[in-house]
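Just so it is clear, the values below take in all heavy atoms, side chains as well, and ignore hydrogens, waters and symmetry mates.
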Amino acid sequence: MIAFVSGPVAALAPTTAVIEVGGIGMAVQCTPNTLSELRIGKEAKLATSLVVREDSLTLYGFVDDDERQVFELLQTASGVGPRLAQAMLAVHTPDALRIAVATGDEKALIAVPGIGKKGAQKLLLELKDRLGEPVGAHIGRQGVSTAAAAPMAWRDQLHGALIGLGYATREADEAVAAVTPQAEAAVAAGGTPQVGQLLKAALQTLNRTR
């Protein structure tokens, strides 16, 4: 198993980072939040999980060991593969997922693309005793935590991801402004802005203006 990769960032794409390790470029699948922390040419260290299939070897990268552990634990639930597990971590932090499971928060899981109401109910049952207690946040009087509120920081995540992809600050600002109505509509509907989808929309906006 490849536990982590460390080296300069050679390239960044909307869903992938290439880390140079001993002269070899390792393609690592990452969430927008993880990508927003990386910069081309800068040193990076990512915890990784290698998913082996008959026709492929895919390396998934994470900001720390806790996120990787949650990624792997999520896949112990029936119907959850690596892509869905990564989508869950793209929308929620590890602690936000732990709190959602602990409090039976269906809406939090339904906010993840690919999870419906029945799927959320099933996941809440299967994951109840698997994810453990939150490690970096505490549930307050109203059952709301700082981790649960983390997805609201979509602007910073999106802006950072665009800068990491090589866009100028002005271009990133304009792209974030362009997709803000889409994000606000998601919040108004009781959902969570999905940074991955917003990043795709932002890149389309930038491509049209170039």
Side-chain angles (χ1 to χ4, degrees), residues 12-17 29-39 60-64 67 70-71 74 80 82-101 103-117 119-120 123-124 134 136-137 139-140 142-210:
L12 292 171
T15 60
T16 308
Q29 299 292 314
C30 303
T31 65
N33 186 43
T34 299
L35 290 170
S36 71
E37 301 293 326
L38 306 178
R39 298 292 182 271
Y60 291 84
F62 311 92
V63 293
D64 55 32
E67 191 172 60
V70 170
F71 171 79
L74 289 171
V80 178
R83 292 189 181 278
L84 182 55
Q86 188 182 49
M88 294 171 75
L89 287 167
V91 176
H92 299 295
T93 64
D95 271 355
L97 285 171
R98 291 186 178 104
I99 291 169
V101 171
T103 59
D105 188 352
E106 289 182 19
K107 288 186 177 180
L109 296 186
I110 292 173
V112 179
I115 298 180
K117 184 177 179 62
L123 286 173
L124 289 174
I139 300 176
Q142 302 300 320
V144 178
S145 73
T146 54
M152 295 307 293
W154 65 268
R155 286 185 177 84
D156 292 337
Q157 293 179 18
L158 178 59
H159 194 276
L162 291 167
I163 295 297
L165 288 171
Y167 289 97
T169 300
R170 179 184 59 79
E171 291 177 308
D173 290 341
E174 292 175 353
V176 170
V179 301
T180 293
Q182 181 179 335
E184 291 179 342
V187 174
T192 302
Q194 297 161 13
V195 178
Q197 292 183 1
L198 293 174
L199 179 58
K200 290 180 181 179
L203 290 173
Q204 290 175 352
T205 299
L206 289 166
N207 289 334
R208 285 198 297 268
T209 59
R210 284 191 167 185

Hey, are the side chains of T16 and L35 touching, using non-hydrogen atoms and a 4.5 Å cut-off? no
Side-chain contact, heavy-atom cut-off 4.5 Å: N33 with L89? no
Between P14 and L203, the two heavy atoms sitting closest are CG-CD1, 3.3 Å
Are any non-hydrogen side-chain atoms of P94 and F71 less than 4.5 angstrom apart? no
Is any side-chain heavy atom of T31 closer than 4.5 Å to one of F62? no
Evaluate the side-chain proximity of E67 to T34: yes if any heavy-atom separation is below 4.5 Å, no if none is. yes
d(T169 OG1, H159 NE2) to nearest 0.5 Å is 5.5 Å
Could you check if a side-chain atom of C30 sits within less than 4.5 angstrom of a side-chain atom of L12, using non-hydrogen atoms only? no
Would you name the heavy atoms of A201 and V179 that are closest together and state the gap between them? CB-CG1, 3.8 Å
Please lay out, stage by stage, how D173 and R170 fare under the test salt bridge (charged side-chain N to carboxylate O under 4.0 Å, His left out). CA-CA 5 Å; D173 290 341; R170 179 184 59 79; over 6 Å; no
Could you tell me whether the side chain of T15 reaches within less than 4.5 Å of the side chain of Q29, counting heavy atoms only? yes
Worked verdict on I99 versus H92 for side-chain contact (heavy atoms from CB on, under 4.5 Å): CA-CA 10 Å; I99 291 169; H92 299 295; over 6 Å; no
Nearest-0.5 Å distance, CD1 of residue I110 to CD1 of residue I115: 9.0 Å
So which atom in P113 and which in V91 form the shortest heavy-atom distance, rounded to 0.1 Å? CD-CG2, 4.1 Å
The test is side-chain contact (heavy atoms from CB on, under 4.5 Å); show your working for V176 and L198 and say whether it passes. CA-CA 8 Å; V176 170; L198 293 174; over 6 Å; no
Measuring only between side-chain heavy atoms, which start at C-beta, is V112 closer than 4.5 Å to L84? yes
Say you draw a straight line from OG1 of T205 to CD of E171; how long is it, rounded to the nearest 0.5 Å? 12.0 Å
If I take atom CG from residue L109 and atom CG from residue L124, how far apart are they, to the nearest 0.5 angstrom? 5.0 Å
Measuring from M88:CE to T93:OG1, what's the distance to the nearest 0.5 Å? 12.0 Å
Just by modelled atom types, is the S36 backbone N or O under 3.5 Å from a matching donor or acceptor in the R39 side chain? yes
